[in-house]
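Worth saying up front: this structure is predicted, and the values here are computed from it rather than measured.
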Amino acid sequence: MESSNSDSDSNSAYYDRIVALADEARCDREAFEPPATPDEERAMEYLQTGVGPTVGLYIEARTADEPVRFSPDEMALLERAMNDWLALYARCYDVALDPEFTVREAAELLIDTHNITDTAQLLTKVPMCSDEISTND
């Protein structure tokens with residue numbers, strides 16, 4: 001998807017990267033087939049190729065020499081992409097989740113934890129036990 005020239009005043013220099021992330025997240029969500037059993041490897045892939053780069057872009061822009069102000073459309077696309085991937089991450093553990101986290105929340109956790117897996121677990125509470133997926137009822 002290309003950025004339009006009419007939006008160039010309201011959108012940041014990150015617009016094309018944001019659109020690409022949002023498109024990729026939407027495609028991943030549309031193509032998702034739930035695994036028969038929890039799939040930690042696939043869950044980690046969504047974090048490493050989706051959530052991490054999305055939150056990383058936000059952090060990069062906000063910590064630049066001149067912090068970027070995203071347009072409302074850019075923020076909506078960033079948050080939808082991140083939340084789509086967090087939903088897929090949770091579904092890999094057979095947890096249905098329709099997250100509505102802000103990218104800022106995720107960024108603050110990532111800065112605190114230095115780990116995208118810990119960030120996702122703190123946000124989603126999935127999986128319940130960080131050491132292993134078990135049914136210790």
Would you kindly say whether E79 and T102 are connected by a side-chain donor-acceptor distance under 3.5 Å? no
Check the side chains of T119 and T113 for a donor-acceptor pair under 3.5 angstrom, ignoring hydrogens and angles. yes
Does a sphere of radius 6.0 Å around CD in E41 hold more than 12 heavy atoms from other residues, nucleotides or ligands, not counting ones at 6.0 Å or beyond?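 Open: at most 12 neighbouring heavy atoms sit under 6.0 Å from CD of E41.
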Atom CZ of residue position R104 - does it have more than 12 heavy atoms of other residues, nucleotides or ligands inside 6.0 Å?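 Atom CZ in R104 is not packed in, count stays at 12 or less.
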Under a 3.5 Å distance rule, please check whether [X] uses its side chain to pair with a backbone N or O of [Y] as donor and acceptor.
X: E74; Y: S71; result: yes
X: N83; Y: F101; result: yes
X: Y89; Y: V126; result: yes

Which is it for T124 and Y93 under the side-chain contact (heavy atoms from CB on, under 4.5 Å) test, yes or no, and what are the steps along the way? CA-CA 11 Å; T124 65; Y93 293 99; over 6 Å; no
Minimal non-hydrogen separation, [X] against [Y], with atom names:
X: L123; Y: L86; result: CD1-CD1, 4.0 Å
X: V55; Y: M82; result: CG2-SD, 3.8 Å
X: P53; Y: L47; result: CD-O, 4.0 Å
X: T54; Y: G50; result: OG1-O, 2.8 Å
X: A81; Y: A22; result: CB-CA, 3.8 Å

Find the distance between [atom1] ([X]) and [atom2] ([Y]) and round it off to the nearest 0.5 Å.
X: M75; Y: R80; atom1: CE; atom2: CZ; answer: 13.0 Å
X: E108; Y: I59; atom1: CD; atom2: CD1; answer: 9.5 Å
X: D28; Y: L88; atom1: CG; atom2: CG; answer: 6.5 Å
X: Y46; Y: I116; atom1: OH; atom2: CD1; answer: 15.5 Å
X: T49; Y: L21; atom1: OG1; atom2: CG; answer: 10.0 Å
X: I18; Y: N11; atom1: CD1; atom2: CG; answer: 7.5 Å

Does a side-chain N-to-carboxylate-O contact under 4.0 Å join E60 and R17?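 A salt bridge is present here (some side-chain N lies under 4.0 Å from a carboxylate O).
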Among R29, R26, R91, find the one that has a salt bridge (Lys or Arg N to Asp or Glu O under 4.0 Å) with D84. R29
Given side-chain contact (heavy atoms from CB on, under 4.5 Å), test F32 with R42 step by step and report yes or no. CA-CA 11 Å; F32 184 77; R42 190 168 166 202; 3.0 Å; yes
Between L97 and V51, is there a shared hydrophobic cluster once you connect ILVMFWY residues whose side-chain heavy atoms come closer than 4.5 Å?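 Different hydrophobic clusters.
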Set out, in order, the CA-CA distance, both residues' side-chain angles and the distance that settles side-chain contact (heavy atoms from CB on, under 4.5 Å) for T117 and Q121, then state yes or no. CA-CA 6 Å; T117 303; Q121 289 174 343; 3.9 Å; yes
Does R62 form a side-chain contact (heavy atoms from CB on, under 4.5 Å) with F70? I'd like the steps, not just the answer. CA-CA 9 Å; R62 302 300 283 174; F70 293 114; 4.2 Å; yes
